[in-house]
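Report on the following structure.
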Number of protein chains: 2
Amino acid sequence: MYSIGDLSRRTGVKVPTIRYYEQMGLLQAPERTQGNQRRYGKSGLARLGFIRHARDLGFSIEAISALIGLQDHPDHSCEPATSLARTQLEDVRSRIRRLQSLEVELTRIAEGCQGDGRSSDCYVLDSLASHEFCTSDHKGGAGL
Amino acid sequence: MYSIGDLSRRTGVKVPTIRYYEQMGLLQAPERTQGNQRRYGKSGLARLGFIRHARDLGFSIEAISALIGLQDHPDHSCEPATSLARTQLEDVRSRIRRLQSLEVELTRIAEGCQGDGRSSDCYVLDSLASHEFCTSDHKGGAGL
DNA sequence: TCTACTCTCTCTAGTCACTAGAGCTTCAAG
DNA sequence: CTTGAAGCTCTAGTGACTAGAGAGAGTAGA
């Protein structure tokens, strides 16, 4: 039996975050001691490991909920799981593309000025004030 | 003179977001009509364009505040602006690296299963349940 | 001038995935 | 039996918005 702190040390997930996952329904409410403290078994540890890994891969809590639902009904097709993974992959790829275009512009901006002038003619500030020098289109909000 | 809606259409920033920027101190409170509606001049439009561009580039509200402070004191060195841009660039580059390692793993996961099995032996779910098959280390939370 | 309609106002609350803190109780080692 | 770490619940805060309610203001056409 593991305490919440044991689980935290073994998975690297912080204690309040574990409680939060329970509240969100990702983690089943475990047994309690007489003094009302949580006690987890192997399956709690495994599930938290699953959640941790999926979060590291950028899956949302909602998506993880869906994946857990699939685990709990192993008689169903796993097509939805694969589909979630593909969606996630597409998302990651589009973030990479957007970030790479930001990288290009930021490099141009950061290297344009050596930081030795006055800010009245600073290249960084000028570049931010106008979009016209941008070589690529990086618009669309930086929800990266 | 522009209404808040005019500003919104010209910059692509939503109306409530403009009010939010004002509340956060990024945008000076503009004149008002007798009926208490905001009316902006050219400088308000320009500043909002600056904010928009910087946000697109991933600068935080706090960083933008600092940049605006520099614009308003053009007699100071622009070194801090360059330094902010470099920090931002470093951040973008590290996000790209992390996302690329996620991409590798997600590709492996998404292609491992054709989605035609039962979820009891789904490769996606197995992969998420364990970290042992990962070729790279993508730990550290997906604050991407 | 009246009407109709869109725009704008303030205010509160919700989003996501946590994180921090207060104030209390329980557990385990010595 | 004492002490100190670890646990409990609850509330509120983070960042950068977004949504909605309910009211007032501005404007184009009749």
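Chain letters run A, B, ... following the sequence lines, proteins first and then strands; every chain starts at 1.
Of the listed nucleotides (dC18(C), dT10(C), dA28(C)), dC18(C) has the atom at the smallest distance from the side chain of R55(A). Nearest nucleotide to the side chain of V15(B), out of dG7(D), dT19(C), dT8(C): dT8(C). The side chain of R32(A) has dT9(D) as its nearest neighbour among dT9(D), dG26(D), dG7(D). The side chain of T33(B) lies closest to dA25(D) when the candidates are dC8(D), dC18(C), dA25(D).
To the nearest angstrom, C1' of dC7(C) lies 10 Å from CG of D6(B). Protein atom CD1 of I61(B) is 17 Å distant from nucleotide atom C1' of dG13(D), rounded to whole Å. The distance from atom CZ of R39(B) to atom P of dT27(D) is 6 Å, rounded to the nearest whole Å. The distance from atom CG of D56(A) to atom P of dC18(C) is 10 Å, rounded to the nearest whole Å. One atom, CE of M1(B), and another, P of dC7(C), lie 21 Å apart when rounded to the nearest Å. Summarising the geometry, the separation between CE on M24(A) and P on dC16(C) is reported as 10 Å, rounded to the nearest angstrom. Here the C1' atom of nucleotide dT19(C) and the CD1 atom of I18(A) are 14 Å apart, to the nearest Å. Rounded to an integer number of Å, the gap from CG of L27(B) to P of dC17(D) is 12 Å.
Other residues, nucleotides and ligands contribute more than 12 heavy atoms inside 6.0 Å of the CD atom of E90(A).
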Would R93(A) and T107(B) count as a side chain to side chain contact (heavy atoms under 4.5 Å, CB included) if you check the C-alpha gap in whole Å, the side-chain angles of each, and the deciding distance to 0.1 Å? CA-CA 10 Å; R93(A) 285 185 174 151; T107(B) 302; 3.2 Å; yes

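How far OG of S3(B) is from CG of D6(B): 3.5 Å, rounded to the nearest 0.5 Å.
In terms of phosphate contacts, S60(B) brings no side-chain nitrogen or oxygen within less than 4.0 Å of OP1 or OP2 of dG15(D). Contact check, S3(A) against dA6(D): no side-chain N or O comes under 4.0 Å of OP1 or OP2. Side-chain nitrogen and oxygen atoms of R38(A) include at least one within less than 4.0 Å of the OP1 or OP2 phosphate oxygen of dT9(D). The side chain of R19(B) contributes an N or O atom lying less than 4.0 Å from OP1 or OP2 of dC9(C). Dashed line: the shortest gap from a side-chain N or O of Y21(A) to OP1 or OP2 of dC18(C) is under 4.0 Å.
Residues D91(B) and R95(B) are paired through a salt bridge, judged by an N-O separation under 4.0 Å between the basic side chain and the carboxylate.
With Y2(A) as the fixed residue, the side chain to side chain donor-acceptor pair (under 3.5 Å) test singles out one of K42(A), R38(A), R39(A), R9(A): K42(A).
Taking the nucleotide of DNA chain C with the nearest heavy atom to each of N36(A) and T17(A), the more 5' of the two is matched to T17(A). Looking at which nucleotide of DNA chain C each of Q37(A) and Y20(A) is closest to, the 5′-most match is held by Y20(A).
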